[in-house]
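The block underneath contains the structure these notes are about, expressed in structure tokens.
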Amino acid sequence: MAFWLFKTEPGTFSWDDQVRAGSKGEQWNGVRNALAQKNMRAMTRGDLGFFYHSVNEKCIVGVVKVVSGFHQDSTDPSGKWHCVDVAAVGPFPKPVTLAAIKSEPRLAGMVLVKNSRLSVQPVTPEEWDLICQMGGYGA
DNA sequence: GCCAACGTTGGC
DNA sequence: GCCAACGTTGGC
């Protein structure tokens, strides 16, 4: 079991869209970055991820689950790019903002802080637990 | 194969 | 809206 973080612009694909996709999920397509592709390739069904809204909101709003293996991105005519399917699991009672993450010393090493431009990122179990606590999620 | 130029992304 | 950081592209 591994943990990830998926970044999206709410104007393009928001948490509400993800919820609307239901338990079957939706392709996390449109990723055109080699490192993000590599991260998705490393995912397996059942992995969990944070759902992060960039731009105006800049906060983690919920948890998603990987519901497929790494497969062809149907929106890519060249067939070069792949993606996984993700489904909404549940919202954060209290969204965790980027500012909150940056002010937490234990999260200073997070990829989100160090490389904010990467759209699909790995999250360590320690980071996962801490952010879930901060968001009032689970437990 | 290397390096510079350019475009895009995202935080502020 | 601006600026900095990063990735990608193209010329050499």
Side-chain angles (χ1 to χ4, degrees):
Chain A
M1 159 81 75
F3 300 108
W4 309 94
L5 182 143
F6 296 90
K7 251 183 17 186
T8 177
E9 301 190 14
T12 306
F13 188 78
S14 72
W15 173 253
D16 288 342
D17 293 325
Q18 183 69 68
V19 169
R20 223 169 285 133
S23 60
K24 242 189 74 190
E26 181 102 1
Q27 284 192 117
W28 197 267
N29 55 31
V31 174
R32 301 290 182 266
N33 172 283
L35 186 51
Q37 287 275 312
K38 180 168 159 267
N39 288 335
M40 286 200 291
R41 188 177 315 123
M43 293 178 189
T44 53
R45 204 176 308 220
D47 281 356
L48 294 174
F50 290 132
F51 193 96
Y52 176 82
H53 276 178
S54 66
V55 194
N56 292 328
E57 303 187 26
K58 283 171 294 183
C59 58
I60 294 170
V61 292
V63 171
V64 292
K65 182 173 59 173
V66 177
V67 293
S68 81
F70 193 61
H71 65 83
Q72 197 88 65
D73 180 341
S74 70
T75 66
D76 174 31
S78 78
K80 261 180 55 184
W81 301 100
H82 294 65
C83 64
V84 296
D85 295 357
V86 301
V89 174
F92 266 24
K94 264 179 29 184
V96 176
T97 64
L98 182 62
I101 290 171
K102 283 190 168 172
S103 62
E104 169 53 63
R106 287 177 56 198
L107 297 176
M110 259 192 96
V111 181
L112 187 63
V113 175
K114 293 196 305 191
N115 183 4
S116 64
R117 293 197 45 194
L118 182 60
S119 60
V120 178
Q121 314 178 351
V123 173
T124 69
E126 290 78 19
E127 291 161 354
W128 181 268
D129 288 343
L130 187 52
I131 290 172
C132 283
Q133 281 174 37
M134 291 165 70
Y137 181 84

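These numbers come from the heavy atoms of this one structure, side chains and all, not from hydrogens, waters or symmetry mates. In what follows, chains carry the letters A, B, and so on, assigned in the order in which the sequence lines appear, proteins first and then strands, with residues in each chain numbered from 1.
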Nucleotide of B:dG11, C:dT8, B:dG7 approaching A:Ala34 most closely (side-chain heavy atoms): C:dT8
Taking CG from A:Asn56 and C1' from B:dG10, how many angstroms apart are they, rounded to a whole number? 11 Å
Measure from the side-chain heavy atoms of A:Lys7 and tell me the nearest of B:dG10, B:dG11, C:dT8. B:dG10
Starting at CG of A:Leu107, measure out to CG of A:Leu130 and round the result to the nearest 0.5 Å. 4.5 Å
Does the pair A:Arg32/A:Asp73 count as a salt bridge with the N-to-O cut at 4.0 Å? yes
With a non-hydrogen cut-off below 4.0 angstrom, is A:Leu118 in contact with a base, only sugar-phosphate, or nothing? nothing
Does A:Tyr52 make a side-chain N or O approach to OP1 or OP2 of B:dG11 shorter than 4.0 Å? yes
Separation of A:Lys102 atom NZ from B:dG11 atom C1', in whole Å? 6 Å
Residues, nucleotides or ligands: over 12 heavy atoms within 6.0 Å of A:Arg106 CZ: no
Rounding to a whole Å, what distance do you find between A:Leu35:CG and B:dT8:P? 20 Å
For the pair made of CG in A:Leu112 and P in C:dC6, what is the distance, rounded to whole Å? 14 Å
Could you check how far CD1 of A:Ile101 sits from P of B:dG10, rounded to whole Å? 15 Å
Please report, rounded to the nearest Å, how far the C1' atom of B:dG7 is from the CG atom of A:Asn33. 14 Å
In this structure, how many angstroms lie between the P atom of C:dA5 and the CD atom of A:Gln121, rounded? 17 Å
For A:Phe6, which of A:Phe50, A:Trp28, A:Phe51 qualifies under ring pair (Phe, Tyr, Trp, His ring centres under 6.0 Å)? A:Trp28
Whole-Å gap separating P (B:dG10) and CG (A:Leu98): 12 Å
